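Remember, predicted model here, so these are calculated numbers, not experimental data.
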Amino acid sequence: MGQPVNVGVVGCGAISAQYFRTIDRLPRLRLVAVADLDLDRAREAVRPYAGVEVLSVAELMADPRVDLVLNLTVPAAHAEIALQAIAAGKDVYCEKPLAATAADAERMLAAAGAARVRVGCAPDTVLGTGTQTARKALDDGLIGRPVAATATMVTPGHERWHPNPDFYYVPGGGPLLDMGPYYITSLVTLLGPVTTVIGAASRTRSKRTIGSGPRRGEEIPVTVDTHVTGVLVHASGALSTLVMSFDAAATKASHIEVHGEKGSLVVPNPNHFDGPVLVSGVGEEGWRDLPAAAGYLDAGRGVGLADFAATPAGEEPRTGGSLAFHVLDVMESLLASARSGAAVAITSTCERPRPVGLLPAGGHSA
């Protein structure tokens with residue numbers, strides 16, 4: 001296997017603990033340094049992990065031990081931090097979305113190409129057994145040629161539980177930019193890239209009230225649409241209908257369903273790595289479970305980082321920059337379509353990511 005890849009993390013917020021736990025159990029990765037605007041928060045975050053240094057962002061970028069920068073900052077800072085890592089000659093892997101805007105993401109990828117470094121991006125949940133088992137069922141022809149899909153995410157809003165939810169309600173946030181990456185990345189993994197979108201969007205209120213933590217009761221402004229819906233036309237001809245909402249109480253709809261000429265699949269929550277995959281064929285009554293047949297077993301946030309680090313030079317990573325840019329382009333185009341009332345052609349594309357064999361989380365599927 002060779003030496004582990006040394007990881008430096010910028011941003012020690014809520015999601016960082018999940019990444020740290022995964023990095024700690026994967027022999028391919030080693031956490032060596034972290035940076036955060038709040039140094040006390042950074043020290044507390046890495047307290048369980050001996051030998052991890054707390055540095056400034058500049059010190060982390062200059063540290064020769066750091067091979068790969070894991071960018072866990074808020075979306076508005078993704079491009080700035082990524083460009084610093086690229087300028088330092090380091091590979092960079094971002095939390096989703098790749099950047100707050102497609103223009104920022106394009107600058108990142110251009111800089112990475114010029115510097116001959118690689119860019120990767122979450123979500124890596126699509127590498128787990130849930131989405132990958134569904135992907136294998138499609139590739140095996142279990143439901144025939146895919147015709148359509150639905151993807152539904154409904155919640156009253158993250159301010160109920162997040163103590164600092166401001167970034168969810170500014171550009172780069174909202175239900176589409178926050179949760180859409182999970183659903184659209186899964187749809188592209190299952191059905192391939194998107195060529196055209198038609199969107200509509202709304203905003204139910206101009207303020208939200210924080211429901212937990214020291215700021216409980218404080219009102220924050222809403223400057224983005226909080227209910228977004230639309231149709232994605234895939235290059236394959238399949239049509240996906242998307243609903244992303246911070247404005248509704250609940251839903252009984254499946255997270256994702258894929259419908260083919262011979263049957264239908266229920267795909268588990270793309271915000272999770274696993275979950276039941278159900279199939280029902282034409283003429284069958286009810287649904288039957290498919291056993292886990294592909295994907296990383298017992299995966300957690302960061303398995304995509306390990307997969308990215310292990311991808312041979314010259315090969316596009318499964319969670320690579322071109323996929324993340326395409327997903328961001330699709331989301332931005334949906335919002336543009338909602339504003340104009342017209343269909344928008346997607347100018348970017350990507351390869352459908354390579355499938356993952358059934359492997360332990362520490363393994364690697366070529």
Side-chain angles (χ1 to χ4, degrees), residues 96 123-154 175-176 179-199 228-245 251-296 299 318-319 323 326-327 330-331 334 346 349-358:
K96 51 78 191 166
D124 56 2
T125 45
V126 294
L127 304 182
T129 55
T131 298
Q132 289 295 320
T133 295
R135 158 76 182 263
K136 187 175 189 306
L138 290 175
D139 291 349
D140 290 347
L142 189 63
I143 64 168
R145 181 175 65 89
V147 174
T150 59
T152 306
M153 191 289 303
V154 165
L176 183 62
M179 297 300 294
Y182 297 106
Y183 289 78
I184 298 173
T185 302
S186 186
L187 289 172
V188 172
T189 297
L190 296 168
L191 301 173
V194 177
T195 59
T196 310
V197 298
I198 304 167
V228 182
T229 187
V231 175
L232 317 182
V233 181
H234 295 265
S236 65
L239 305 178
S240 292
T241 303
L242 186 76
V243 176
M244 299 282 113
S245 184
T251 179
K252 291 183 72 175
S254 303
H255 292 281
I256 294 177
E257 293 182 359
V258 181
H259 306 288
E261 292 180 312
K262 299 195 302 183
S264 296
L265 280 174
V266 173
V267 184
N269 188 343
N271 193 18
H272 298 163
F273 287 90
D274 54 15
V277 178
L278 308 178
V279 64
S280 182
V282 172
E284 294 182 11
E285 292 187 6
W287 299 85
R288 54 190 169 89
D289 284 353
L290 293 180
Y296 288 116
R318 292 183 179 88
T319 52
L323 170 61
H326 182 63
V327 169
V330 168
M331 294 189 296
L334 263 175
I346 305 300
T349 191
C350 66
E351 295 294 326
R352 187 179 179 221
R354 291 170 293 109
V356 180
L358 189 62

Tell me if a side-chain donor or acceptor on [X] pairs with a main-chain N or O of [Y] at a distance below 3.5 Å.
{"X": "Ser245", "Y": "Val154", "value": "no"}
{"X": "Arg318", "Y": "Arg354", "value": "yes"}
{"X": "Arg352", "Y": "Pro193", "value": "no"}
{"X": "Ser186", "Y": "Tyr182", "value": "no"}
{"X": "Glu257", "Y": "Val267", "value": "no"}
{"X": "Ser280", "Y": "Gly286", "value": "yes"}
{"X": "His272", "Y": "Gly128", "value": "no"}

Between [X] and [Y], what is the shortest heavy-atom contact and its length?
{"X": "Pro123", "Y": "Thr319", "answer": "O-CG2, 3.8 Å"}
{"X": "Val277", "Y": "Gly130", "answer": "CG2-O, 3.4 Å"}
{"X": "Met244", "Y": "Ala151", "answer": "CE-O, 4.2 Å"}
{"X": "Ser264", "Y": "Ile143", "answer": "N-CG2, 3.7 Å"}
{"X": "Leu358", "Y": "Ala294", "answer": "CD1-N, 3.7 Å"}
{"X": "Ala149", "Y": "Leu191", "answer": "CB-CD1, 3.8 Å"}

Rounded at 0.5 Å granularity, tell me how far [atom1] in [X] sits from [atom2] in [Y].
{"X": "Thr133", "Y": "Asp289", "atom1": "OG1", "atom2": "CG", "answer": "11.0 Å"}
{"X": "Leu190", "Y": "Leu265", "atom1": "CG", "atom2": "CG", "answer": "8.5 Å"}
{"X": "Ile198", "Y": "Thr229", "atom1": "CD1", "atom2": "OG1", "answer": "11.0 Å"}
{"X": "Thr185", "Y": "Leu127", "atom1": "OG1", "atom2": "CG", "answer": "10.0 Å"}
{"X": "Thr189", "Y": "Ile184", "atom1": "OG1", "atom2": "CD1", "answer": "11.5 Å"}

Exercise. Side-chain contact, heavy-atom cut-off 4.5 Å: His255 with Pro270?
Worked result: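 His255 reaches Pro270 side chain to side chain.
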Exercise. Considering only heavy atoms from C-beta outward, does the side chain of Pro181 approach that of Met331 to under 4.5 Å?
Worked result: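 Counting from C-beta outward, Pro181 and Met331 do come under 4.5 Å.
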Problem set entry | Whether over 12 other heavy atoms sit under 6.0 Å from Glu351 CD |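 Counting neighbours around CD of Glu351, 12 or fewer heavy atoms of other residues, nucleotides or ligands fall under 6.0 Å, so no.
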Exercise. If you draw a 6.0 Å radius around NZ in Lys96, do more than 12 non-hydrogen atoms from other residues or ligands fall strictly inside?
Worked result: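 Check passes, neighbour count above 12.
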Problem set entry | Intermediate values then yes/no, side-chain contact (heavy atoms from CB on, under 4.5 Å), Leu187 and His234 | CA-CA 9 Å; Leu187 289 172; His234 295 265; 4.2 Å; yes
For this session: Apply the side chain to side chain contact (heavy atoms under 4.5 Å, CB included) test between Ile346 and each candidate in Leu232, Val233, Val197; give the one that qualifies.
Result: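 Result for side chain to side chain contact (heavy atoms under 4.5 Å, CB included) with Ile346: Val197.
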For this session: Give me the one residue out of Asn269, Val327, Thr150, Val188 that meets side chain to side chain contact (heavy atoms under 4.5 Å, CB included) with Tyr183.
Result: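 The residue from Asn269, Val327, Thr150, Val188 that satisfies side chain to side chain contact (heavy atoms under 4.5 Å, CB included) with Tyr183 turns out to be Asn269.
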Exercise. Yes or no on side-chain contact (heavy atoms from CB on, under 4.5 Å) for Leu176 and Leu242, after CA distance, side-chain angles and deciding distance?
Worked result: CA-CA 10 Å; Leu176 183 62; Leu242 186 76; 3.9 Å; yes
